[in-house]
Amino acid sequence: MTEKDTTEKVRVRFAPSPTGHLHIGNAHTGLFNWLFARHNGGKFILRIEDTDLERSYAESEKLILEDLKWLGLDWDEGVDIGGPYGPYRQTERLELYRQYAQRLLDEGHAYLCYCTPEELEMERKAALDRGEAPRYGGRCRELTEARRAELERQGRRPAVRFRVPDEVIVVNDLIRGPIEFDSKTIGDFVIMKCDGVPTYNFAVVVDDVHMKITHIIRADEHVANTPRQILLYEALGLPLPKFAHISMILGPDRTKLSKRHGATSVFHYRQAGYLPDAVVNYLALLGWSPENGEEVLTREELVKQFSLDRVGKSPAVFDIAKLNWLNGVYIRQADLKSLTGMAIPYLKNAGLVSEPVTGERFDWLMDVVDSVRGYLDNLSQIPEHAGVFFGDRIDIDDGKARKIISDPETSRVLNLFIKELESLEPFDREAIHTMLLKMPAQLGLSVRKTLMPVRVALTGTTAGPELPNVIFILGRDRSIGRARQALHACS
RNA sequence: GGCCCCGUCGUCUAGUGGCCUAGGACACCGCCCUCUCAAGGCGGCGACACGGAUUCGAAUUCCGUCGGGGCUACCA
């Protein structure tokens, strides 16, 4: 495709089914569509495919929209905001499908089928037993008027079945190249169920045509459906859009990512404190790579660099370890003020802070967040690292820490520490640092032997942020208080 | 079963006939920095599924085998 083709009128759509939260795999497909639209200055359309009445539920649509918004994938037309080709919810477009189905019926491309699910199931099983392909046999393909009337009298409601013509269909996939299918392997398929609701393959075609979709970018699992859809376009005499099938996202066992693999919804990652930019960045790297090999890319860079040419064919395994690393990168780079804002709900949830957090308290919290951000994969981990800065008492229950606190030299160390800290002026990181460095010589001990007891006394553990930072954030009084407590504990 | 897709380090990938004794990133291991743990810096481990063919030359092309996945619904 040339630049001209894609610059002005690119229209892509993301069409999830409202059957739960937004799935990571769907988000991935949505992201690629969004990136393609934004890169080409086109339109990104959100359509809801709710024709599976059994599994769809209204609440899910809201959840999906929220997750999409959180990811920052904004749409130009869609269920909630409307647009020139609405409505954007399939169950509200039933009349349209009915019209197209009627047209197919009138032109002989489709016919009424009165077979019951039970009959079809039996036929299917029989074919399978014979080792044959389980295709619709065509029992209702040439029904006489009399027979039809009789079946109607029995109270049977017909489904509309597409009459598959005999031909070779070629899908010219933008990512995979040409893929051939022989229509002989495809049985006449249902396009309208007996309840008047269209099936997926039919609804997508009608909607994509109607919404003037130019590029269909969707997951790999749909390639086998594409010939059916192409047949439909042909029967309707409509021009084909371009197809681009991206690979699916797999679990560690290399099967389609699903609940079995653990957390697969965008919502889960959102709750766990992953940053939307990090999730977007990570997802973009699954099946696509930028020319320069960069791994950390802003949303803008992603949009600027995205191209279908650089999308790979092989499926990718969702690797939480790499997402964690990338999220850590974003946490470390984030603007401290907004990061603190994002961290508050997690601290609040752990009972460490109570809202509202304003003024000096917020500034103090920024110091806290800044001192522990280096430890985090995600924000939900912040309470366990920031916990040391809260409360007056600390527990020393870690074995290594107990050993250090019970060392005979510890009381000398702590007494000096308390004395020095009491008179320290000014009380800032710089001065604390200098004070700390003077202590070993004063005590005739190694730096380690001096500072480790202080650390344990103040935090209860042997690991944590830099000591001057800990002392400064804790403040003079609480630092001294904790040191005294520890002193009692070791005597 | 039939049809289709896919196959480079454990994982994400670069690579479109010679630039590849295959590059990067995550993970892992080691070293440095350091009161500690992270972070960071440096280094290490580690792959072209297999077999043929084409070619002076193949990760790159073709065929086959094997492996994985998807579709084959009045699910999407």
Side-chain angles (χ1 to χ4, degrees), chain A residues 15-17 19 49-56 113 115-117 120-121 124 127-136 157-161 171 173 176 179-182 184-187 189-195 197-201 203-204 219-228 245 247-248 250 252-256 282 285-296 310 312-326 328-329 332 372-376 385 400 404 436-437 440 446-456 459 461-467:
Chain A
S17 295
T19 57
E49 308 211 327
D50 56 351
T51 55
D52 184 348
L53 274 21
E54 301 274 303
R55 297 195 303 151
S56 298
C113 173
C115 297
T116 63
L120 293 171
E121 187 50 36
R124 217 184 113 79
L128 241 25
D129 287 344
R130 272 178 274 128
E132 286 171 20
R135 264 182 316 233
Y136 178 64
R157 301 280 74 194
V160 180
R161 220 175 253 282
V171 177
D173 194 280
R176 284 152 217 281
I179 307 168
E180 282 192 12
F181 293 89
D182 188 336
K184 283 196 216 28
T185 63
I186 303 171
F189 54 93
V190 169
I191 55 174
M192 287 290 264
K193 305 179 217 173
C194 63
D195 58 2
V197 178
T199 56
Y200 166 73
N201 282 122
V204 214
D220 201 2
E221 56 190 321
H222 290 293
V223 289
N225 280 319
T226 311
R228 283 166 239 270
H245 288 97
S247 287
M248 291 188 303
L250 274 27
D253 61 354
R254 304 205 78 95
T255 63
K256 188 172 165 181
Y282 176 69
L285 259 22
L286 252 31
W288 174 81
S289 62
E291 222 164 326
N292 59 17
E294 269 313 312
E295 307 258 357
V296 182
R310 296 196 60 82
K313 300 181 194 186
S314 47
V317 172
F318 185 79
D319 180 17
I320 188 75
K322 188 152 182 176
L323 205 212
N324 284 341
W325 163 74
L326 203 49
V329 170
R332 274 168 252 132
V372 300
R373 75 207 292 191
Y375 298 97
L376 311 175
H385 288 100
K400 255 202 296 193
I404 287 164
L436 253 21
L437 288 186
S446 68
V447 177
R448 190 188 178 90
K449 281 275 188 189
T450 307
L451 267 22
M452 213 47 201
V454 174
R455 167 175 297 286
V456 172
T459 69
T461 62
T462 54
E466 294 169 336
L467 221 30

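Numbered from 1 within each chain, the chains take letters A, B, ... in sequence-line order. Remember, it's a predicted structure, so these values are computed and weren't measured experimentally.
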How is [X] classified with respect to the nucleic acid when contacts are heavy atoms under 4.0 Å: base, sugar-phosphate, or nothing?
X	value
A:Pro465	base
A:Thr450	nothing
A:Phe189	nothing
A:Arg161	sugar-phosphate
A:Ile179	sugar-phosphate
A:Thr462	base
A:Ile186	nothing
A:Gly293	nothing
A:Glu295	base
A:Gly287	sugar-phosphate

Distance between the [atom1] atoms of [N] and [M], in whole angstroms?
N	M	atom1	answer
B:C12	B:C20	P	24 Å
B:G15	B:C3	P	33 Å
B:A22	B:A27	P	24 Å
B:G30	B:C9	P	25 Å
B:G24	B:C35	P	33 Å
B:A39	B:C29	P	12 Å
B:G7	B:C50	C1'	11 Å
B:U61	B:G68	P	24 Å

Any donor-acceptor pair under 3.5 Å linking the side chain of A:Asp173 with the backbone of A:His245?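 Flag set: sc A:Asp173 to bb A:His245 pair under 3.5 Å.
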Any donor-acceptor pair under 3.5 Å linking the side chain of A:Arg310 with the backbone of A:Ser289?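 The answer is yes, because a donor-acceptor pair under 3.5 Å joins these two groups.
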Strictly under 3.5 Å: I want the nitrogen or oxygen pairs between protein and nucleotides 38-45 of chain B, one per line.
residue : atom : partner  : partner atom : Å
B:A38   : O2'  : A:Gly374 : O            : 2.8
B:A39   : O3'  : A:Arg332 : NH1          : 3.2
B:G40   : OP1  : A:Arg332 : NH1          : 3.3

Selection from [options] that lies nearest to any side-chain heavy atom of [X]:
X	options	value
A:Asp319	B:G24, B:C74, B:C26	B:C26
A:Ala159	B:C12, B:C74, B:A25	B:C74
A:Arg55	B:U13, B:A25, B:C75	B:C75
A:Cys194	B:U72, B:C6, B:C74	B:C74
A:Arg310	B:C74, B:G15, B:U36	B:G15

How far apart are the closest heavy atoms of A:Thr461 and A:Arg455, and which atoms are they?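 Looking at all heavy atoms of both residues, the closest pair is O-CG, 3.4 Å.
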Minimum heavy-atom separation for A:Cys115 and A:Tyr136, please, with both atom names.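 Looking at all heavy atoms of both residues, the shortest contact is SG-OH, 3.4 Å.
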Could you list the residues that satisfy side chain to side chain contact (heavy atoms under 4.5 Å, CB included) with [X], not counting sequence neighbours?
X	value
A:Asn225	A:Tyr200, A:Asn201, A:His222, A:Arg228, A:Gln229
A:Ser247	A:Arg176, A:Asp220, A:Pro315
A:Val190	A:Ala159, A:Arg161, A:Thr199

Euclidean distance, A:Met248 CE relative to A:Thr255 OG1, rounded to 0.5 Å: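 It comes to 9.0 Å.
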Reading RNA chain B from 5' onward, which residue's closest nucleotide shows up sooner: A:Thr199 or A:Tyr136?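 Per heavy-atom nearest nucleotide, the more 5' residue is A:Tyr136.
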Could you pick out which residue, A:Pro198 or A:Leu286, lies toward the 5' side of RNA chain B when each is mapped onto its nearest nucleotide?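 Between the two, 5'-proximity favours A:Leu286.
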Quickly work out the [X] [atom1] to [N] [atom2] distance and round it to whole Å.
X	N	atom1	atom2	result
A:Ile320	B:C28	CD1	P	14 Å
A:Lys313	B:U60	NZ	P	13 Å
A:Asp52	B:C74	CG	P	13 Å
A:Leu285	B:U11	CG	P	17 Å
A:Ile191	B:A76	CD1	P	13 Å
A:Tyr200	B:C74	OH	C1'	17 Å
A:Lys184	B:U72	NZ	C1'	17 Å
A:Lys322	B:C28	NZ	C1'	15 Å

Under a 3.5 Å limit for both distances, which nucleotide forms a Watson-Crick or G-U wobble pair with [N], could you say?
N	result
B:C62	B:G52
B:C26	B:G10
B:G1	B:U72

Is a donor-acceptor contact shorter than 3.5 angstrom present between the side chain of A:Arg455 and the base of B:C35?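 Yes, a donor-acceptor pair under 3.5 Å.
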Does the side chain of [X] reach to within under 4.5 Å of the side chain of [Y], using non-hydrogen atoms?
X	Y	answer
A:Leu285	A:Pro290	yes
A:Thr185	A:Arg135	yes
A:Thr19	A:Asp52	no

What do you reckon, is NZ of A:Lys449 surrounded by more than 12 foreign heavy atoms closer than 6.0 Å?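 No, because the 6.0 Å sphere around NZ of A:Lys449 holds 12 heavy atoms or fewer from other groups.
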May I ask you to evaluate whether A:Thr51 reaches the phosphate of B:A76, defined as a side-chain N or O under 4.0 Å from OP1 or OP2?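 Checking B:A76 against A:Thr51, a side-chain N or O does come within under 4.0 Å of OP1 or OP2.
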A:Tyr282: ring-ring contact (aromatic ring centres under 6.0 Å, His included) partners, not counting sequence neighbours: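 A:Phe318.
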Could I get a table of every N or O pair under 3.5 Å where one atom is in the protein and the other is in nucleotides 62-71 of chain B?
residue : atom : partner  : partner atom : Å
B:G70   : O2'  : A:Glu221 : O            : 3.3

